[in-house]
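Everything below concerns the one structure shown next.
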Amino acid sequence: MEPPPPPPPSATGAVSLPRLPILTSDELSKKAFGPLQKRINSGADVSFFLTSRAYKELMVWIMQLNHSLIPRLSPDTARPVCFPLEPGRRGWSEPVRRLREMLGGCEELILEAPPEENKNRRFGNGACRVWHGKLGERIQGWIDGLGLGVNGGVKEELRGYFMGAWGDKGRLDYGTGHELSFLAFLGGLWKVGFFGGGEEKEGEREREVVIGVVEIRYLEVVRKLITTYTLEPAGSHGVWGLDDHSFVPYIFGSAQFTKPILGRTEATPVEGSCPGAPKPASAVDKQTVEDYRGSNMYFGAIGFIYDVKRGPFWEHSPMLFDISGIKDGWGKINKGMVKMYRAEVLGKFPVVQHFGFGGLWAWEVDPEMVGERSVHLQSQPVQNQAQSLGQGGGEGGTKAPWARGAMGGMSGGQVSMPRPMDGGVMAPTGLPGRGQVPTPRGGIPNTGPMEQTSFPRGGGMHDRVGGNQFSVTKAPWAKD
């Protein structure tokens, strides 16, 4: 079930957009803070999470950041004001400057933990565990150096979210759950007033958080960790996923190119593009990606894909290729990315099971939430699906776009293609029309019926759903 829509515009066309609250001293004193608690242990817990205050406020935070990046119409000039990345910028606010120094320290630790010579492993260099150990030694001093003026329990929660933002040192992987932990860290800092108060200059503080912290420093360091230590994608759908490691750059990057708005009181556009923005189709052109990756987060994320993958783009990234065929502009893509994030990140057990809760992000029902259940239950542990659905059985989840029949019986050579979104057909070169899903080398693996297996990985137990039970959502805007 979708979150409630934004309130209708007033006579002046203004809407009241939710914002993540900044807690007062009195509110902070009444909350219990301490070590983060693991609460999501089953599919039923995911259903509860989707009605929780933490879920609601995480989405408010993401949408608040997203809205700040949308181009603004200027009354003084005919051209809209856009917000590109600024790699060479030096004049950051003091809070952002401190965070950038902190993230720079994380990058410097890589020099203290050079990768080991190990030719027998495709993924995961053991030196990354040394890097995590050094981070653990430094993090408390860095948190203290932010000058937050809060009690030790709050700092402990912030420390937990920051430590969870860099991948798993046991499994040597990185994915969207770790990215979520960093957003929670930043949102926690916002809640305790680290970035200041008030609503000055049309989302300027939020833009600084995204451009100066998330993209230019955090994602830079993460990508360096991935390439230095060959970190495995955490819970990746492989060729059938959006991206092996990240998601938010596609949300925020599409916002940078969407239809301009008047200001903070105007709702996020659901279609259209900023004048002069590259067309979505150009996102699969390597040269155009190279031209824009330094100024736009969407193109920056695709640029990293080009850095680490080989072969035709449509083959290794079919979902992004499919999305590039959208005709309704970057606003439509932005809307779809937010929708997909709710389903494929916040609504998926393998992603959110490791998220911790406490006083900053509370494990409690939000009275304004009418309830929401994930339609992607196939990614939750099998024994919990029926419990989450409230029935004795049945198949849950959104199937991959190529699934038309019983998935367990599919083979690589028998793929039923959906109708192409733009009427495309197979080109003479073998390039599929957008909306068609290409078959990867070797076809879709048919590993038999779905089963659940628990096996040790990185010192812990890891749940796996075997067989052809891909739980991937087709680009949700393709049929809106």
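On a predicted model such as this, the values are computed, not experimentally measured, just so you know.
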Report the distance from atom [atom1] of [X] to atom [atom2] of [Y], rounding to the nearest 0.5 Å.
X	Y	atom1	atom2	result
Glu116	Asn125	CD	CG	5.0 Å
Phe162	Ile139	CZ	CD1	4.5 Å
Lys169	Cys128	NZ	SG	10.5 Å
Thr228	Glu107	OG1	CD	9.0 Å
Asn66	Met63	CG	CE	5.0 Å
Thr230	Leu172	OG1	CG	8.0 Å

Got a donor-acceptor contact below 3.5 angstrom from the [X] side chain to the [Y] backbone?
X	Y	result
Tyr306	Val284	yes
Arg129	Gly170	yes
Trp361	Leu58	no
Lys155	Glu157	no
Gln64	Leu20	yes
Ser324	Ala281	no
Glu266	Leu262	yes
Asn334	Ser254	no
Thr176	Glu179	no
Asp168	Asp173	no

For [X], check ring-ring contact (aromatic ring centres under 6.0 Å, His included) against everything at least two apart and list the hits.
X	value
Tyr341	Phe247
Phe357	Phe49, Phe355, Trp363
Trp92	none
Tyr218	Trp166, Phe182

Using side-chain heavy atoms (C-beta onward) and a distance below 4.5 Å, is [X] in contact with [Y]?
X	Y	answer
Val130	Lys134	yes
Ile40	Val46	yes
His316	Ile305	yes
Ile323	Leu242	yes
Ile261	Arg72	yes
Asp244	Ile226	no
Val222	Leu231	no
Leu225	Trp131	yes

Under 4.0 Å between a Lys/Arg side-chain N and an Asp/Glu carboxylate O for [X] and [Y]?
X	Y	value
Asp307	Arg293	yes
Glu94	Arg97	yes
Glu112	Arg138	yes
Lys224	Glu220	no

Could you report the tightest heavy-atom contact between [X] and [Y], atom names first, then the distance?
X	Y	result
Met337	Ile251	CB-CG1, 3.9 Å
His67	Arg264	CE1-O, 3.4 Å
Leu135	Cys106	CD1-SG, 3.8 Å
Val213	Val96	CG2-CG1, 3.9 Å
Tyr161	Ser181	O-OG, 2.6 Å
Leu186	Val209	CD1-CG1, 3.8 Å

- Could you walk me through whether Val192 and Leu360 pass the side chain to side chain contact (heavy atoms under 4.5 Å, CB included) check? CA-CA 9 Å; Val192 300; Leu360 291 173; 4.1 Å; yes
- Task: Kindly confirm or rule out a cation-pi arrangement of Arg223 over Phe304, judged by NZ or CZ under 6.0 Å from the six-membered ring centre and within 45° of its axis?
- Result: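 Output yes; distance and angle both within limits.
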- Query: Could Arg207 and Phe83 be counted as a cation-pi pair, given that NZ or CZ must be under 6.0 Å from the ring centre and within 45° of the axis?
  - Reply: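 Judged by the rule, Arg207 and Phe83 form a cation-pi pair.
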- Would you sort out whether Lys332 and Thr258 count as a side chain to side chain contact (heavy atoms under 4.5 Å, CB included), showing the intermediate values? CA-CA 8 Å; Lys332 187 72 173 285; Thr258 199; over 6 Å; no
Under 3.5 Å, which donor-acceptor pairs link side chains of residues 269-278 to any protein atom two or more places apart or in another chain?
from, atom 1, to, atom 2, distance (Å)
Ser273, OG, Trp330, N, 2.9

- Item | Selection residues 54-68 - residue pairs positive for salt bridge (Lys or Arg N to Asp or Glu O under 4.0 Å), sequence neighbours left out |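 Found Lys56-Asp366, Lys56-Glu368, Glu57-Lys191.
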- Please walk me through it: do Lys335 and Thr268 pass side chain to side chain contact (heavy atoms under 4.5 Å, CB included)? CA-CA 8 Å; Lys335 171 191 173 185; Thr268 302; over 6 Å; no
- Task: Taking atom CZ of Arg89 as the centre, report whether more than 12 heavy atoms of other residues, nucleotides or ligands fall under 6.0 Å from it.
- Result: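 For Arg89, atom CZ is crowded (more than 12 foreign heavy atoms under 6.0 Å).
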- Message: Using a 6.0 Å cut-off, check whether atom NZ of Lys38 has over 12 heavy atoms from anything other than its own residue.
- Response: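 Above 12, so yes.
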- Query: When the ring centroid of Tyr298 is compared with that of Tyr250, is the distance short of 6.0 Å?
  - Reply: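 Under 6.0 Å, so yes.
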- Query: Once the angle between the rings of Tyr292 and Phe299 is folded into 0 to 90°, is it parallel (under 30°), tilted (30 to 60°) or perpendicular (over 60°)?
  - Reply: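 Answer is tilted, since the angle falls between 30° and 60°.
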- Item | Chi angles and distances behind the side chain to side chain contact (heavy atoms under 4.5 Å, CB included) call for Ile22, Phe194 | CA-CA 9 Å; Ile22 297 176; Phe194 176 68; over 6 Å; no
